[in-house]
Amino acid sequence: MVFAALGGRRPGCYHAILGSLAVLTLCGRGVVPVSHSLTYMYTATYDHTGLLDFMAEGQVDDVLIDGYNRETQRKVPRQRWMEEALEPEYWERGSQSRRKKELWFQQNVEILRRRTNESRGIHTLQWSHGCELTEDGIVHGISNFAYDGRDFLVFDKSNLRWIAASPYAEVTRHKWNADGEQNQALQGYLEGECLKWLKTFLNFGKTVFKRQAAPQVNITNWNSDDGATLVLSCLATGFYPPTLRMTWLHNESDIGQPQRPPRDILPNSDGTYQLRATLHLTALEDGGPYSCRVEHEALEEPQIVVWDPQTARGRDTRPGIAVGVMFSTLILLALVAAAATAILIIKRRGGNTGSLEILTDEDSTASMVL
Amino acid sequence: MFSAKMQVSLVFGVFICTIGSLQAETKAPQVDVYTRYPVENGKENVVICYARRFHPHIISMSLKEDGKVMSGVQELDLSFDPDWTFRKVIYANFIPGDGKLCTCDVNHLGQEPISYKLDPLM
């Protein structure tokens, strides 16, 4: 049995070759549907002349709900259901709040610029702020800053203290930790107000967050340019939520190791997702079909699409056509049992880090100076 | 209370420890160009260009068909992941056809743009 870790930062990606029975399983896993998060993300870039750019966004699970940029200086809805559910006053107050944040960043990047004494180049200050509600009903508040893409200041919610992740953050850590009330208020927001808004947004967008869209599964085949390799590609597209398990099966013959690492779960333009897994075959042996097995929560049972070698032989490098045949449950179960499946899991995204945004009054954090 | 001397050595120690981490690190985008639906010649589809894991966020992306900028290109907001790297998606409707070449040109940090091809076979 050969296991190989695949993929970069997404843990748990393996493929397995089991004797004469080959199984490649890809499982993309996204935001766990029963756990939800509200995150506000702020990004400021600056150079020696000062602030170059500022933008801010709100996100619920994997969906951007609002946006703000320096040009318009308006907080605007990014989802129709947000626009429909909230009064103009909400967006007006939000715009004011974001403008204050922009000012905060403008002043604080100046402080940071002097502190780091960097004269050249473009630098970035990011803030991620919000709350996560786990499936066990536990609330996690998160408020972190990053400087040039690395952790800068991290809020330790258990001890209500800031942790400096950079020497440049030491001064800030001292200053902010001296104000216990401020940190208490922050914690109160993250686990109270933020959670309230998360639930509100989840309710506004319930048709989106609770929807289930089943994948459409197709197999494409082609020959490599030198004709030596037959490539099979299984595509599952249009699914939501972004958690899916894809398995290549070949009964009774060894397909050898897939030559390419599995890909990430990729976003579609319509809020759904897709995943592809490619199989490279140097020799096509008789003895059973190759098939792509897909499991997703919108499917009552796993879907198996069988690729028929007979229709593929003699094709050149143009795309072959997917021969999709749904197996009956019995055959499926037999296959699955025979396959002694090895499983790999890709995490598409870690749990969203959160961010805090006080929608009625964001001033508490804006008064804290780096 | 730290003595002045201790403070100096502490500051110096911190300085030594952080040399090498002070340089603003850039991360080049990882880019995929793909279609919403399986490619069938003559059938309406959507081509999607997805860049992620890049830093800082200064990026420009454009979709081209046979070298010409496609019309009706839409973009989803730039956002960042828990590891602070950014992601961005642009997309456009298109109809695949024989010999049509679809590319996504990505320019990160004002460097020479890199052209990524849509491989209809993938």
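Atoms considered below: every heavy atom in the structure, side chains included; atoms not considered: hydrogens, waters and symmetry mates. Letters go in sequence order (proteins before strands), and every chain restarts at 1.
Contact check for A:Gln59 versus A:Met41: side-chain heavy atoms found under the 4.5 Å cut-off. Residues A:Asp66 and A:Arg98 are in side-chain contact: their nearest non-hydrogen atoms beyond the backbone lie under 4.5 Å apart. B:Tyr91 places none of its side-chain heavy atoms less than 4.5 Å from the side chain of B:Cys49.
Chain A forms the most heavy-atom pairs under 4.5 Å with one residue out of B:Leu78, B:Leu76, B:Ile58, B:Val46, and that residue is B:Leu78. When each of A:Thr237, A:Leu52, A:Thr45 is scored by its heavy-atom pairs under 4.5 Å with chain B, the top score falls to A:Thr237.
For A:Thr116, no part lies under 4.5 angstrom from a heavy atom of chain B. Residue contact with chain A, scored on non-hydrogen atoms closer than 4.5 Å, is absent for B:Gln74. For B:Ile90, no part sits under 4.5 Å from any heavy atom of chain A, backbone or side chain. Residue A:Asn69 does not touch chain B at all, counting heavy-atom pairs closer than 4.5 Å.
Taking B:Asp105 as the reference, B:Lys64 meet the salt bridge (Lys or Arg N to Asp or Glu O under 4.0 Å) condition, with sequence neighbours excluded.
Ion pair B:Asp66/B:Lys100 not flagged as a salt bridge, since none of the NZ, NE, NH1 or NH2 atoms sits closer than 4.0 Å to an Asp/Glu carboxylate oxygen.
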